[in-house]
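First up is the structure itself, then whatever we jot down about it.
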Amino acid sequence: MQPLYLLLGSNCGNRFEYISVGKKMIAEKIGIIKVESLLYETEPWGNMQQEKFLNQAIMALSNMDAHEILRLLKSIETEVGRIATFQWGPR
């Protein structure tokens, strides 16, 4: 298994819940989460006219290749309701 480092973040709705559900789905579909950072609240970047972000870094172990991981991460985002709007937009 190879280490996989991911940065999670949300600034819409219940940010804690989105990160929690995201981690659960990552663990189910991609790999075992071994390490989690603390949660951090950060200012938006790029488009400043939006809510603050809640962010967390995780390290997971996975046997998947990068393309499959990206495909699954995008499907997880869609599954939890993310609608891509514009660069640096809310999520």
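Any value given below was found using the heavy atoms of this structure, including those in side chains, with hydrogens, waters and symmetry copies removed. Please read all numbers here as calculations on a predicted model, not as lab measurements.
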Side chain to side chain, Lys23 and Ile58, heavy atoms closer than 4.5 Å: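 Result yes, sub-4.5 Å side-chain heavy-atom pair found.
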Contact check, side chains of Ile26 and Leu8, non-hydrogen atoms, under 4.5 Å: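 With C-beta onward as the side chain, the pair touches.
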Sequence-distant partners of Lys34, salt bridge (Lys or Arg N to Asp or Glu O under 4.0 Å), two or more places apart: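 Lys34 satisfies salt bridge (Lys or Arg N to Asp or Glu O under 4.0 Å) with no other residue.
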Partner residues of Glu51 under the salt bridge (Lys or Arg N to Asp or Glu O under 4.0 Å) criterion, sequence neighbours left out: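 None.
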Stepwise salt bridge (Lys or Arg N to Asp or Glu O under 4.0 Å) test for Lys29 and Glu68: CA-CA 10 Å; Lys29 297 180 179 203; Glu68 182 66 6; over 6 Å; no
Gap between atom CD1 of Ile30 and atom CG of Leu72 - 0.5 Å precision: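 Taking CG in Leu72 and CD1 in Ile30, the distance rounds to 5.0 Å.
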Distance, nearest 0.5 Å, that separates CG of Leu6 from CD1 of Ile69: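 Here the interatomic distance stands at 7.5 Å.
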Minimum heavy-atom distance between Gly9 and Asn55, given as atom pair plus value: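 Result for this residue pair: CA-ND2, 3.6 Å.
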Qualifying residues under side chain to side chain donor-acceptor pair (under 3.5 Å), relative to Gln2, sequence neighbours excluded: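 None.
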Salt bridge present between Glu17 and Lys24 (N-O < 4.0 angstrom):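 Salt bridge flag = no for Lys24 with Glu17.
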Donor-acceptor contact present, side-chain Ser10 to main-chain Arg15, <3.5 Å: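 Flag not set: sc Ser10 to bb Arg15 has no pair under 3.5 Å.
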Flag, side chain of Gln56 to backbone of Ser37, donor-acceptor distance under 3.5 Å: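 Yes: the side chain of Gln56 pairs with the backbone of Ser37.
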Hphob cluster co-occupancy, Leu73 + Leu61, side-chain heavy atoms under 4.5 angstrom: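 Per the 4.5 Å side-chain linkage, Leu73 and Leu61 are not co-clustered.
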Cluster link Val80 to Ile19, ILVMFWY, side chain under 4.5 Å: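 Linked within one cluster.
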